[in-house]
Undergrad: 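The structure is given below, and queries will be raised subsequently.
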Amino acid sequence: MSGKLNVLVTGATGKQGGHLVRELLERGHSVRAMTRKPESPAAAALADRGVTIVPGDFEDQGSLERAARGVDTVFAMSTPYEGGEKKETREGINIVRAAATVGVKHLVYTSVAGADRASGIPHFDSKFEVEKEIRRSGVPFTIVAPVFFMENFLADWMAPAIAQGAIALALPATRRLQQIAVEDIARFTALVIERRESFLGKRIDIASDELTLTAAAAIISEVSGRPITYTALPIEALRQFNKDQALMFDWFDSVGYDADVVGLRSLYPEVKWHRFSDWAREERWFWAEPRIAGRRDNATAGGRDNASADAR
């Protein structure tokens, strides 16, 4: 594909979708954003930037078909954090079927790295069920599968502790963890959309960097000017609190992501993949309040979506 494209972005008021909207607009493409609340301030802000707002609900097949009709590409995402894994799968399958019904030429689905490796992690498996439906549907597709988000360090479940000088997760201090900046996901996804033919039928795990959480803590300490230490928690302590997260961190330690970081940098240098240190320096670290509120722009301040909440 070349020239100006018309792209439907789901989750456009959230972090992943918001970054993609910005990237597509900067590249001169036309963006259609689907939302359950077209009258919301977030939707109005998108409209002010030239985005076409269309009403749609993942539980309403007709609305999905209307939203997808006439576009070149559908960017689809789903999250388990509003209704659980079963609802995430159901809603993901609904948008796939809508895209197939109206004859969309390219469906780009954002999943999670490792979801196709029988991880046994509920919020990985829920996305893999959507992937399987995509392959059955016959719709031309690309699956983009990012790793752990760097933005998790700014999320509600990590930021308060970091503001107090601590990162404590159930992962050994020496275990390296692949991570990615949401901005890099957006740039890579925009590339996939523009180079449709090169990516059709592919599933691609993507990561920007790989480092230990001890190293991440040291970097945040350096750029923020506040001492931050990393403590490895016993997996059993997390299991008592959140079984899903415990399964994920256990998988991080025993299996782990295996995106080809070096290969991605070589093949797609235009993405300008972030090192964790680059990302940390670009962020504004606020310590005055328990919740870190700083962001580089409004596109990262969206709702709770799978770009910030599932810690993948």
Undergrad: Suppose the criterion is ring pair (Phe, Tyr, Trp, His ring centres under 6.0 Å): which pairs have a residue in residues 31-64, not counting sequence neighbours?
TA: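 Checked against ring pair (Phe, Tyr, Trp, His ring centres under 6.0 Å) - neighbours excluded - no pair reaches residues 31-64.
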
Undergrad: Report the residues that fulfil side chain to side chain donor-acceptor pair (under 3.5 Å) with Arg69, sequence neighbours left out, ordered by chain and then residue number.
TA: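 For Arg69 there are no side chain to side chain donor-acceptor pair (under 3.5 Å) partners, ignoring immediate neighbours.
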
Undergrad: Are any non-hydrogen side-chain atoms of Val9 and Met34 less than 4.5 angstrom apart?
TA: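 The answer is no; the side chains never approach within 4.5 Å.
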
Undergrad: What residues form a side-chain contact (heavy atoms from CB on, under 4.5 Å) with Thr229, not counting sequence neighbours?
TA: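 In terms of side-chain contact (heavy atoms from CB on, under 4.5 Å), with neighbours along the sequence ignored, Thr229 is linked to no residue.
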
Undergrad: Is any NZ, NE, NH1 or NH2 atom of the basic residue among Arg187 and Glu183 found under 4.0 Å from an Asp or Glu carboxylate oxygen of the other?
TA: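 Salt bridge present between Arg187 and Glu183.
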
Undergrad: With side chains defined as the heavy atoms from C-beta onward, is the minimum distance between Val144 and Tyr109 less than 4.5 Å?
TA: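 The answer is no; the side chains never approach within 4.5 Å.
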
Undergrad: Could you tell me if Ser78 and Glu88 have a donor-acceptor pair between their side chains, going purely by distance under 3.5 Å?
TA: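 The criterion, which ignores hydrogens and geometry beyond distance, is satisfied for Ser78 and Glu88.
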
Undergrad: Does the Lys132 side chain pair with the main chain of Phe128, one donor and one acceptor, at a distance under 3.5 Å?
TA: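 Absent.
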
Undergrad: For Glu26, which residues count as a salt bridge (charged side-chain N to carboxylate O under 4.0 Å, His left out) partner, sequence neighbours excluded?
TA: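 None.
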
Undergrad: According to the interplanar angle, ranging from 0 to 90°, do the rings of Trp251 and Phe124 count as parallel (below 30°), tilted (30 to 60°) or perpendicular (above 60°)?
TA: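 Rings of Trp251 and Phe124: perpendicular, over 60°.
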
Undergrad: Under the salt bridge (charged side-chain N to carboxylate O under 4.0 Å, His left out) rule, collect the residues that match up with Arg27, sequence neighbours excluded.
TA: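 By the salt bridge (charged side-chain N to carboxylate O under 4.0 Å, His left out) rule, Arg27 matches Glu23, Glu194.
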
Undergrad: So how far is it from Met158 CE to Asn152 CG, rounded to the nearest 0.5 Å?
TA: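 Those atoms lie 7.0 Å apart.
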
Undergrad: Would you mind reporting whether Leu8 and Thr73 have side-chain heavy atoms less than 4.5 Å apart?
TA: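 Thr73 vs Leu8: side chains apart.
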
Undergrad: side-chain hydrogen bond (donor to acceptor under 3.5 Å, both in side chains) between Glu282 and His274: does it pass, once the steps are laid out?
TA: CA-CA 10 Å; Glu282 291 174 1; His274 283 74; 2.8 Å; yes

Undergrad: Let me confirm one number: the CD-CD distance from Glu151 to Gln179, rounded to the nearest 0.5 Å.
TA: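 The distance works out to 9.5 Å.
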
Undergrad: When rounded to the nearest 0.5 angstrom, what is the spacing between CE in Met150 and CD1 in Ile185?
TA: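 Nearest 0.5 Å value for the CE-CD1 distance: 9.5 Å.
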
Undergrad: For residues 57-67, which residue pairs pass the side-chain hydrogen bond (donor to acceptor under 3.5 Å, both in side chains) check, not counting sequence neighbours?
TA: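 Sorted result for residues 57-67: Glu59-Arg90.
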
Undergrad: For the pair Asp244 (side chain) and His123 (backbone), establish whether a donor and an acceptor sit closer than 3.5 Å, ignoring hydrogens and angles.
TA: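 Confirmed, Asp244 side chain pairs with His123 backbone.
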
Undergrad: Do the side chain of Ser266 and the main chain of Gly263 share a donor and acceptor less than 3.5 angstrom apart?
TA: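 Not a single qualifying donor-acceptor pair exists.
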
Undergrad: Can you name the ring pair (Phe, Tyr, Trp, His ring centres under 6.0 Å) partners of Tyr230, sequence neighbours left out?
TA: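 So Tyr230 forms no ring pair (Phe, Tyr, Trp, His ring centres under 6.0 Å) with any residue.
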
Undergrad: Hey, are Arg195 and Glu270 close enough for a salt bridge, meaning a charged N less than 4.0 Å from a carboxylate O?
TA: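 The answer is yes: the pair qualifies as a salt bridge.
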
Undergrad: Kindly indicate whether the side chain of Ser119, heavy atoms from C-beta on, has any atom under 4.5 Å from the side chain of Asp125.
TA: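 Sidechains of Asp125 and Ser119: in contact.
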
Undergrad: Would you say the side chain of Arg32 lies within less than 4.5 Å of the side chain of Asn6, judging by non-hydrogen atoms?
TA: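 Of all side-chain heavy-atom pairs linking Arg32 with Asn6, at least one is under 4.5 Å.
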
Undergrad: Just to verify, what does Asp205 make a salt bridge (charged side-chain N to carboxylate O under 4.0 Å, His left out) with, not counting sequence neighbours?
TA: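 With neighbours one apart ignored, the set is Arg203.
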
Undergrad: Check whether any side-chain N or O of Ser221 sits under 3.5 Å from a backbone N or O of Ile228 as a donor-acceptor pair, and report yes or no.
TA: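 Side chain of Ser221 to backbone of Ile228: a pair is present.
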
Undergrad: Closer than 3.5 angstrom, by distance alone: can the side chain of Thr89 be matched with the main-chain N or O of Ser126 as a donor-acceptor pair?
TA: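 Indeed, once roles are kept as given, a pair shorter than 3.5 Å links the two residues.
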
Undergrad: For a quick test of your reading: what N or O donor-acceptor pairs under 3.5 Å do the side chains of residues 206-220 make, sequence neighbours left out?
TA:
unit_1: Ser208; atom_1: OG; unit_2: Ala181; atom_2: N; d: 3.4
unit_1: Ser208; atom_1: OG; unit_2: Asp184; atom_2: OD2; d: 2.6
unit_1: Asp209; atom_1: OD2; unit_2: Phe276; atom_2: N; d: 2.8
unit_1: Thr212; atom_1: OG1; unit_2: Ala215; atom_2: N; d: 3.0
unit_1: Thr214; atom_1: OG1; unit_2: Ala173; atom_2: O; d: 3.4

Undergrad: How many angstroms lie between OG1 in Thr79 and NZ in Lys87, if you round to the nearest 0.5 Å?
TA: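 Thr79 atom OG1 to Lys87 atom NZ measures 10.0 Å (nearest 0.5 Å).
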
Undergrad: Salt-bridge test for Glu222 and Arg281: reply yes if a basic N is under 4.0 Å from a carboxylate O, no otherwise.
TA: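 Between Arg281 and Glu222 there is a salt bridge, with a charged N closer than 4.0 Å to a carboxylate O.
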
Undergrad: Taking His19 for its side chain and Lys15 for its backbone only, find out whether a donor-acceptor pair lies under 3.5 Å.
TA: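 Between the backbone of Lys15 and the side chain of His19 there is a qualifying donor-acceptor contact (under 3.5 Å).
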
Undergrad: How long is the gap from OG1 on Thr189 to CE on Met77, to the nearest 0.5 Å?
TA: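 The distance works out to 11.0 Å.
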
Undergrad: Could you give all pairs that pass the ring pair (Phe, Tyr, Trp, His ring centres under 6.0 Å) test and reach residues 191-216, with sequence neighbours left out?
TA: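 Output for this query lists Phe188-Phe199, Phe199-Tyr268.
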
Undergrad: Can you confirm if the aromatic rings of Phe252 and Tyr257 lie within a centre distance of less than 6.0 Å?
TA: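 Aromatic pair counts; centres sit under 6.0 Å.
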
Undergrad: Check for a donor-acceptor pair, side chain of His29 on one end and backbone N or O of Leu5 on the other, with a separation under 3.5 Å.
TA: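 Present.
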
Undergrad: Please enumerate all residues that pass salt bridge (charged side-chain N to carboxylate O under 4.0 Å, His left out) together with Glu85, with sequence neighbours excluded.
TA: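 Once residues adjacent in sequence are excluded, Glu85 has no partner under the salt bridge (charged side-chain N to carboxylate O under 4.0 Å, His left out) criterion.
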
Undergrad: Does the side chain of Arg117 reach to within under 4.5 Å of the side chain of Val255, using non-hydrogen atoms?
TA: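 With C-beta onward as the side chain, the pair touches.
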
Undergrad: Would you please test Ser111 and Glu131 for side-chain hydrogen bond (donor to acceptor under 3.5 Å, both in side chains) and show each step?
TA: CA-CA 8 Å; Ser111 181; Glu131 292 187 35; 2.5 Å; yes

Undergrad: Can you confirm whether Pro146 sits close enough to Thr110 that some side-chain heavy atom of one is under 4.5 Å from a side-chain heavy atom of the other?
TA: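 In contact.
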
Undergrad: Roughly how far, to the nearest 0.5 Å, is CG of Asp253 from CE of Met248?
TA: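 Going from CE on Met248 over to CG on Asp253, the span is 12.5 Å.
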
Undergrad: Can you classify the ring geometry of Trp279 versus Phe153 as parallel (below 30°), tilted (30 to 60°) or perpendicular (above 60°)?
TA: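 Rings of Trp279 and Phe153: tilted, 30 to 60°.
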
Undergrad: Can you check whether Val7 reaches Ile193 side chain to side chain, under 4.5 Å on heavy atoms?
TA: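 Yes, at least one pair of side-chain atoms sits under 4.5 Å.
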
Undergrad: Run the side chain to side chain donor-acceptor pair (under 3.5 Å) test against Arg135 and tell me which residues pass, sequence neighbours left out.
TA: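 With sequence neighbours excluded, Arg135 shows a side chain to side chain donor-acceptor pair (under 3.5 Å) to no residue whatsoever.
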
